Amino acid sequence: MSNQKPEDFFKNIISHSKEYGFIFQSSEIYDGLSAVYDYGQLGAELKKNIRDYWWKAMVQLNENIVGIDAAIFMHPTTWKASGHVDAFNDPLIDNKDSKKRYRADVLIEEHVAKLEDKINKEVEKASKRFENFDAVMFKSTNARVKEYQEKIDAINLRFKTALNDNNLSEVKQLIIDLEIVCPISGSRNWTDVRQFNLMFSTSMGSVSEEGNTIYLRPETAQGIFVNYLNVQKTGRMKIPFGIAQTGKAFRNEIVARQFIFRMREFEQMEMQFFVRPGTEMQWYEHWKQARLNWHLSLGLGADKYRFHDHLKLAHYANAASDIEHQFPFGFKELEGIHSRTDFDLKQHEEFSGKKLQYFDPELNQSYVPYVVETSVGLDRLFLAVLSSALKEEALENGDTRSVLSLPAALAPYKAAIFPLVKKDGLPELAESIMSNLKFDFMLAYDEKDTVGKRYRRQDAIGTPFCITVDHQSLEDKTVTIRNRDTMHQERVPIEQLHTILTEKTSVQSLLKTL
RNA sequence: GCGAAAGUAGCUCAAUUGGUAGAGCUCCAGCCUUCCAAGCUGGAGGUUGCGGGUUCGAGACCCGUCUUUCGCUCCA
């Protein structure tokens with residue numbers, strides 16, 4: 001690990017990513033686009049390898065899990081059913097003095113709660129005074145209580161009307177009229193109320209027509225839910241079974257930060273596991289452990305992971321946990337495992353009018369399955385791998401080298417092939433080795449500069465092995481193979497290279513550790 | 001979105017009070033070279049993020065804007 005400050009280390013990761021072609025800022029020549037990044041030539045390889053490893057671990061190794069690829073565009077009603085149209089819409093307001101941001105609806109609700117508190121105190125006081133106290137009667141007759149209640153009702157009505165009309169200036173006016181102050185600064189110096197819809201929208205068909213607004217999906221899960229019955233029936237799937245998918249999702253984040261950790265366009269890898277109601281907790285525990293094991297198999301260090309169980313649950317969940325990873329800026333969510341109950345399928349039943357039930361032959365009855373979800377951010381995983389792998393290593397001779405200790409199966413190049421010198425027929429032999437191996441392995445070839453320099457170049461991009469052709473190779477058909485992490489070299493017959501690389505760098509070898 | 005800091009070559013950074021934009025590394029071509037960023041020769045690469053302003057003159061000062069990092073906030 002590096003002895004740099006975390007902040008500097010993080011900056012180093014960003015510049016390393018750019019310098020070697022892993023990640024570029026989107027549209028950089030136009031000053032970039034905020035919180036959007038492109039994967040370069042090496043980044044695309046690394047990302048693809050991570051995605052492949054996940055896909056194989058989920059789909060190929062589990063007979064009861066299949067993969068789909070749903071469209072980004074979905075019928076708009078999907079997002080009404082999922083709750084995103086309503087729940088993803090928060091009216092926000094800032095206090096100009098304390099610089100704090102609040103949800104306008106929360107401020108108003110808190111104000112209402114204070115009034116309710118006053119009512120309760122009145123009731124409490126009265127109950128001590130009178131015997132045979134009737135709270136309901138008291139509330140409906142006491143003048144002070146009635147006054148409070150009328151205020152509450154008026155506020156709620158006004159607030160509800162304003163929200164339904166999407167009248168944000170009325171919401172602000174309400175806050176001003178109620179003389180709500182900022183709890184920090186105590187001032188009433190508020191900004192306008194703004195609505196942040198976290199879903200991107202566009203139009204389908206001719207632009208001017210109304211009612212054709214469609215959204216870019218804010219999560220990939222709904223593509224699975226709406227297809228669940230198609231897959232179950234055509235795939236003859238029996239509960240418990242899973243549907244996996246990788247793909248892009250889009251969120252118009254208010255603040256998107258920390259490089260590729262929180263982007264507006266990002267890729268999810270997720271699996272929805274459909275189970276018999278009542279068994280969801282045991283599957284929830286199963287997938288928590290299975291997913292953690294998958295992360296641990298990458299060998300980035302067991303101490304870099306931890307669970308974070310949610311105490312406050314989303315509206316759809318009855319249990320939720322994050323697998324957190326230690327990024328350079330601290331432990332942050334990498335993957336979520338949620339027990340989503342039958343919320344989503346029930347919602348789609350209601351909004352579509354279609355039955356989404358499964359007939360369970362063992363129980364001889366139909367039901368809407370419960371769902372356990374595992375959802376990883378591919379870009380976050382990429383960042384986790386990259387930041388754990390990048391090291392500035394001090395060498396015995398006093399030099400330092402920049403080495404990317406990627407898991408071999410994920411590395412963009414599995415090996416680099418060098419002729420020791422650019423003459424004497426060594427390049428020709430190196431190229432012939434390359435042309436035999438290139439069908440099975442991503443390989444780099446380099447004959448420029450001294451061999452030491454070439455080793456360092458490959459270290460910096462995470463190539464696990466360097467194969468060097470020297471003069472002895474011409475005589476006895478052997479080459480040296482050099483290990484990225486240990487820098488040790490071994491002389492092996494050329495004909496064994498294929499076997500060695502397969503054993504050490506294939507996804508299969510990683511899958512077998514699961 | 002608010003606040004702070006920053007933006008100069010692919011990367012890391014210089015540039016005295018406002019006075020002709022430089023270095024190291026990288027990259028390219030060549031020479032030399034029998035294993036860990038060697039050496040030599042030559043070369044490429046910049047409207048100093050962008051747009052205005054002040055000034056005889058701006059990389060530097062002022063305004064706006066974009067982007068990044070950090071803090072707050074947000075992240076079902």
Side-chain angles (χ1 to χ4, degrees), chain A residues 5-8 10-21 24-37 40 82-84 86-90 92-103 184 191-194 196 198 218-219 221 251-259 261-262 264 266 310 312-317 320 322 328-329 332-333 336 338 340 343 377 395-397 399-403 418-424 426 448-460 466-474 479-484 487-489 491:
Chain A
K5 283 188 296 184
E7 197 178 317
D8 293 338
F10 189 42
K11 283 185 177 163
N12 190 25
I13 289 166
I14 296 169
S15 60
H16 194 92
S17 295
K18 182 180 181 190
E19 179 153 20
Y20 291 96
F24 307 120
Q25 194 176 12
S26 164
S27 333
E28 196 188 4
I29 61 167
Y30 293 107
D31 291 331
L33 185 62
S34 178
V36 184
Y37 291 89
S82 69
H84 285 86
D86 296 328
F88 247 159
N89 262 315
D90 297 333
L92 299 177
I93 190 167
D94 290 2
N95 182 273
K96 288 178 185 168
D97 297 317
S98 66
K99 312 294 183 195
K100 295 285 176 186
R101 163 169 298 169
Y102 302 92
R103 279 176 54 173
I184 306 286
T191 64
D192 287 341
V193 176
R194 290 170 308 257
F196 292 92
L198 289 189
E219 65 173 25
R251 287 184 196 175
N252 194 11
E253 300 278 0
I254 303 162
V255 172
R257 285 272 182 77
Q258 287 164 323
F259 198 36
F261 183 80
R262 181 170 291 116
R264 297 212 160 89
F266 59 101
H310 291 207
K312 202 176 127 199
L313 295 172
H315 56 87
Y316 56 71
D322 294 337
F329 40 83
K332 298 278 181 179
E333 178 183 355
H338 297 167
R340 291 182 78 129
F343 176 85
L395 300 179
E396 285 172 9
N397 64 7
D399 280 356
T400 57
R401 67 165 183 157
S402 189
V403 55
F418 307 145
L420 184 59
V421 290
K422 200 168 30 173
K423 59 182 184 185
D424 305 334
L426 298 185
K448 173 79 185 161
D449 299 315
T450 62
V451 73
K453 204 164 188 173
R454 286 177 266 165
Y455 286 145
R456 299 296 175 83
R457 274 204 281 263
Q458 296 301 322
D459 288 342
C466 290
I467 295 160
T468 303
V469 174
D470 57 17
H471 291 93
Q472 189 181 332
S473 306
L474 298 172
V479 291
T480 62
I481 181 163
R482 177 242 191 209
N483 183 298
R484 173 195 64 202
M487 296 170 69
H488 287 317
Q489 283 178 288
R491 185 164 280 278

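The chains referred to below are lettered A, B, ... by the order of the sequence lines, with proteins before strands, and numbering in each begins at 1. Nothing here was measured: the structure is a model prediction, and the numbers come from that model.
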When A:Phe261 and A:Tyr20 are each assigned the nearest nucleotide of RNA chain B, the 5'-most assignment goes to A:Tyr20
Pairing partner of B:G7, by Watson-Crick or G-U wobble and under 3.5 Å for both distances, is B:C66
Worksheet item: Between A:Arg264 (side chain) and A:Val36 (backbone), is there a donor-acceptor pair under 3.5 Å?
Response: no
Using a 4.0 Å heavy-atom cut-off, does A:Gln258 contact any base of the nucleic acid, only the sugar-phosphate backbone, or nothing at all? sugar-phosphate
For A:Arg456, the side-chain hydrogen bond (donor to acceptor under 3.5 Å, both in side chains) test, sequence neighbours excluded, returns none
Separation of B:G46 atom P from A:Glu28 atom CD, nearest Å, is 14 Å
Q. Just by modelled atom types, is the A:Leu420 backbone N or O under 3.5 Å from a matching donor or acceptor in the A:Arg454 side chain?
A. yes
By the Watson-Crick or G-U definition, both distances under 3.5 Å, B:C61 is matched with B:G53
On a whole-Å scale, what distance lies between the C1' atoms belonging to B:A14 and B:A23?
-> 7 Å
Here the distance between atom C1' of B:U68 and atom CD1 of A:Ile14, to the nearest Å, is 8 Å
Contacts of A:Glu28 meeting side-chain hydrogen bond (donor to acceptor under 3.5 Å, both in side chains) (sequence neighbours excluded), chain-then-number -> A:Lys18
Checking B:U69, B:U12, B:A76 against the side chain of A:Arg251 (C-beta onward), the nearest is B:A76
- P gap between B:A38 and B:U26, integer Å: 7 Å
One should read off an interatomic distance between A:Leu426 CG and A:His471 NE2, to the nearest 0.5 angstrom, of 4.5 Å
Residue set satisfying salt bridge (charged side-chain N to carboxylate O under 4.0 Å, His left out) with A:Arg401, at least two apart, ordered chain then number -> A:Glu393, A:Asp459
Contact string for nucleotides 47-52 of chain B, one letter per nucleotide 5' to 3', B = base within protein heavy-atom range under 4.0 Å, S = sugar-phosphate only, - = neither, reads --B---
message = What's the gap between B:U8 and B:G59 when it is taken at their C1' atoms, as a whole Å value?
response = 7 Å
Pairing partner of B:C32, by Watson-Crick or G-U wobble and under 3.5 Å for both distances, is none
Heavy-atom contacts, protein to nucleotides 27-36 of chain B, under 4.0 Å, summarised as B (base), S (sugar-phosphate only) or - (none) per nt, yield S-----SBBB
Which label fits A:Phe10 and A:Phe329: parallel for a plane angle under 30°, tilted from 30 to 60°, or perpendicular past 60°? perpendicular
**Prompt:** Using a cut-off of 4.0 Å on non-hydrogen atoms, how would the nucleic acid contact of A:Phe418 be classed: base, sugar-phosphate, or nothing?
**Reply:** nothing
Any strand, both distances under 3.5 Å, Watson-Crick or G-U wobble: B:A76 pairs with none
Checking N1-N3 plus N6-O4 or O6-N4 for Watson-Crick, or N1-O2 and O6-N3 for wobble, each under 3.5 Å, the partner of B:G46 is none
Between B:G24 and B:A9, how many Å separate the two C1' atoms, rounded to a whole number?
12 Å
The Watson-Crick or G-U wobble partner of B:U12, with both key distances under 3.5 Å, is B:A23
Residues at least two apart in sequence or cross-chain that pass side chain to side chain contact (heavy atoms under 4.5 Å, CB included) with A:Ser402, listed by chain then number, are A:His16, A:Leu390, A:Glu392
side-chain hydrogen bond (donor to acceptor under 3.5 Å, both in side chains) filter on A:Asp322, not counting sequence neighbours, yields A:His310
Original post:
Checking all strands, does A:Glu219 fall into the base, sugar-phosphate, or nothing category for heavy-atom contacts under 4.0 angstrom?
Top reply: base
Please report the distance separating the C1' of B:C72 from the corresponding atom of B:G53, rounded so that it comes out in whole Å. 34 Å
Whole-Å P distance, B:A5 and B:C62
12 Å
Applying the 3.5 Å cut-off to both distances, the Watson-Crick or G-U partner of B:A38 turns out to be none
Sorted by chain and number, sequence neighbours left out, side-chain hydrogen bond (donor to acceptor under 3.5 Å, both in side chains) with A:Glu333 holds for none
**Prompt:** How is A:Phe266 classified with respect to the nucleic acid when contacts are heavy atoms under 4.0 Å: base, sugar-phosphate, or nothing?
**Reply:** nothing
Sequence neighbours excluded, the answer for salt bridge (charged side-chain N to carboxylate O under 4.0 Å, His left out) partners of A:Arg457 is A:Asp446, A:Asp449
Q. Within the structure shown, what part of the strands sits under 4.0 Å from A:Ala35 by heavy-atom distance: base, sugar-phosphate, or nothing?
A. sugar-phosphate
